[in-house]
Amino acid sequence: MKLATKIIHAGAEPDPSTGAIMTPIYQTSTYVQEAPGVNKGYEYARSQNPTRKALEDAYAIIENAKYGLAFSSGVAATDSVIKLLNPGDEVIAANDMYGGSYRLFTKVWERYNIKFIYVDTTHAANVKAAVTVNTKLIWVETPTNPLMNITDIGAIAHIAKSAGALLCVDNTFASPYLQNPINLGADIVMHSATKYLGGHSDVIQGCLMMNDADLREKLFFIQKSCGAVPGPMDCFLVLRGIKTLHVRMKQHCENGKKIAYWLRANPKVDKVYWPGFKDNTGYAVAKKQMRDFGGMISFELKNESDNEVKRVLSSTHLFSLAESLGGVESLINHPASMTHASIPKEERIKNGLSDGLIRLSVGIEDADDLIEDLNKAIG
Ligand SMILES: *Cc1c(COP(=O)(O)O)cnc(C)c1O
């Protein structure tokens with residue numbers, strides 16, 4: 001089945017009790033049992049909920065995975081993956097990734113004696129060099145937030161396999177429309193469904209997809225034991241969002257491309273970060289593992305003064321100044337003071353994330369209006 005058809009029909013069975021075409025919001029905490037232990041597969045809603053089940057099936061289908069699990073946020077999904085590990089285990093993680101993942105690793109999990117080694121994963125050799133007998137997990141994000149660096153998922157999967165470690169890919173920026181890490185050898189795919197999967201900036205949610213039944217059992221055990229599950233209303237919203245993922249992503253990509261080239265040609269703009277430029281170091285790998293290049297763009301102004309950067313960030317009207325991304329409406333963000341403020345400044349600068357970097361989540365409005373908005377702001 002082709003992607004567009006899968007996305008529309010993923011996990012969507014008519015409701016068995018009424019025939020309702022849309023999965024109802026099963027707003028219940030428990031299920032009545034016929035006799036002790038005799039039930040319809042649903043006992044208590046932290047463990048099972050029919051709305052969540054429909055969404056988890058949809059998650060699996062859209063990532064070409066066997067299993068999907070839904071969590072109350074993207075970071076809760078990430079947290080659950082780390083809970084597979086034991087004290088003394090090592091994780092090789094990307095040095096350029098979502099600030100909240102970095103905060104979770106360094107501020108929470110390091111206290112439990114899980115060791116994180118941060119490397120530039122765009123060169124697979126760096127990952128290979130960091131492998132030790134204790135390496136149990138490799139954590140990769142591609143394209144990265146916010147510098148759009150590209151990591152070769154297939155090459156890292158190969159390293160993970162020979163190290164006997166799991167590879168988890170944070171696929172939030174690409175979405176399953178652009179990239180399917182399981183097909184490239186990843187063991188687990190993680191998404192912040194808050195972003196492109198939900199797509200309408202109205203829900204916080206995360207998910208994990210995997211093929212291995214044992215791994216699914218372990219993660220399901222963590223999901224129900226630790227309890228970071230999404231409510232049925234939130235599951236309904238993401239189910240609804242997924243139905244238009246492909247049409248939204250097509251427009252995000254088309255608008256993203258127009259804006260990336262427009263920014264590049266603008267004399268006031270210095271460097272533009274977008275994976276679709278042919279002269280990018282990551283272009284060949286991006287072209288190989290992604291279907292298109294998405295609507296996330298970062299850029300720096302030639303005039304990098306604090307005042308000028310703040311002026312531009314506060315001058316757009318269609319691009320709203322806000323954290324998050326992947327919704328139908330365009331957003332503008334200042335990673336250094338907003339999404340990535342939890343990364344120490346020296347660490348940030350060392351990894352190329354400057355104080356002047358501006359990040360755009362290009363929405364699906366008319367691209368000409370978006371360009372006019374940026375043109376007035378950058379002026
Ligand atoms: C937003 C985001 C997360 C965290 O997800 P939440 O739903 O906000 O908890 C993780 N990774 C990436 C790349 C993100 O953009």
Side-chain angles (χ1 to χ4, degrees), residues 55 59 63 68-83 91 93-109 116 118 121 137 139-151 153 168-179 181 186 188-209 223 226-231 234-235 237-238 241-242 249 252 256 273 275 290 294-298 322-327 331-335 338-343 351 353 357 359-363:
L55 175 60
Y59 278 150
E63 271 297 7
L69 291 169
F71 293 86
S72 54
S73 66
V75 292
T78 303
D79 186 62
S80 300
V81 174
I82 305 302
K83 284 174 176 153
V91 181
N95 65 357
D96 171 28
M97 62 176 176
Y98 178 66
S101 304
Y102 180 82
R103 180 176 56 197
L104 175 68
F105 295 170
T106 54
K107 295 277 169 33
V108 179
W109 282 109
F116 294 87
Y118 300 96
T121 58
L137 173 69
W139 187 276
V140 161
E141 198 180 304
T142 180
T144 60
N145 177 4
L147 293 170
M148 315 300 156
N149 287 319
I150 302 292
T151 288
I153 297 172
C168 182
V169 177
D170 182 339
N171 204 29
T172 301
F173 262 41
S175 90
Y177 176 81
L178 295 181
Q179 176 174 280
I188 309 173
V189 175
M190 175 262 159
H191 282 275
S192 168
T194 311
K195 318 295 167 54
Y196 287 109
L197 294 176
H200 295 74
S201 310
D202 52 10
V203 64
I204 295 280
Q205 194 174 128
C207 60
L208 300 174
M209 294 85 151
Q223 184 198 39
C226 302
V229 291
D234 286 359
C235 292
L237 286 171
V238 179
I242 286 173
M249 287 310 296
H252 283 298
Y273 302 84
M290 297 173 74
M296 294 302 298
I297 304 168
S298 295
E323 297 197 7
S324 200
L325 61 110
L331 300 179
I332 190 166
N333 162 53
H334 183 228
M338 296 167 67
T339 43
H340 291 66
S342 55
I343 302 177
N351 297 331
L353 202 172
L357 193 80
R359 191 188 80 183
L360 302 177
S361 171
V362 176

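FYI, side chains are in, hydrogens and waters are out, and symmetry mates aren't considered; it's all heavy atoms of this structure. Both counts, for ligands and for their atoms, begin at 1 and track the order of listing.
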Enquirer: Among all residues two or more places apart in sequence or in another chain, which pass the side chain to side chain contact (heavy atoms under 4.5 Å, CB included) test with Ile343?
Expert: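 Ile343: side chain to side chain contact (heavy atoms under 4.5 Å, CB included) contacts with Tyr102, His340, Glu347, Arg348.
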Enquirer: Can you list every side-chain hydrogen bond (donor to acceptor under 3.5 Å, both in side chains) pair that touches residues 170-179, not counting sequence neighbours?
Expert: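 Non-adjacent pairs meeting side-chain hydrogen bond (donor to acceptor under 3.5 Å, both in side chains): Glu63-Asn171, Asp170-Thr172, Asn171-Gln179.
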Enquirer: Under 3.5 Å, N/O to N/O: give me all the pairs between ligand 1 and the protein, one per line with atom names and distance.
Expert:
unit_1: ligand 1; atom_1: 5 (O); unit_2: Ser192; atom_2: OG; d: 3.0
unit_1: ligand 1; atom_1: 7 (O); unit_2: Gly74; atom_2: N; d: 2.9
unit_1: ligand 1; atom_1: 7 (O); unit_2: Ser192; atom_2: OG; d: 2.8
unit_1: ligand 1; atom_1: 7 (O); unit_2: Thr194; atom_2: OG1; d: 2.7
unit_1: ligand 1; atom_1: 9 (O); unit_2: Gly74; atom_2: N; d: 2.9
unit_1: ligand 1; atom_1: 9 (O); unit_2: Val75; atom_2: N; d: 2.9
unit_1: ligand 1; atom_1: 11 (N); unit_2: Asp170; atom_2: OD2; d: 2.6
unit_1: ligand 1; atom_1: 15 (O); unit_2: Lys195; atom_2: NZ; d: 2.8

Enquirer: Taking the six-membered ring of Tyr98, is the NZ or CZ of Lys195 close enough (under 6.0 Å from the centre) and on axis enough (within 45°)?
Expert: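 Satisfied, under 6.0 Å and within 45°.
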Enquirer: Run the side chain to side chain contact (heavy atoms under 4.5 Å, CB included) test against Ser298 and tell me which residues pass, sequence neighbours left out.
Expert: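 So Ser298 forms a side chain to side chain contact (heavy atoms under 4.5 Å, CB included) with Pro146, Met148, Tyr273, Leu357, Arg359.
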Enquirer: Are the side chain of Thr121 and the backbone of Ala94 linked by a donor-acceptor contact shorter than 3.5 Å?
Expert: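 Side chain of Thr121 to backbone of Ala94, a donor-acceptor pair under 3.5 Å: no, none is there.
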Enquirer: Looking at Asn95, is its backbone amide N or carbonyl O close enough to the side chain of Asn351 to form a donor-acceptor pair, meaning the two atoms are under 3.5 Å apart?
Expert: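 Yes.
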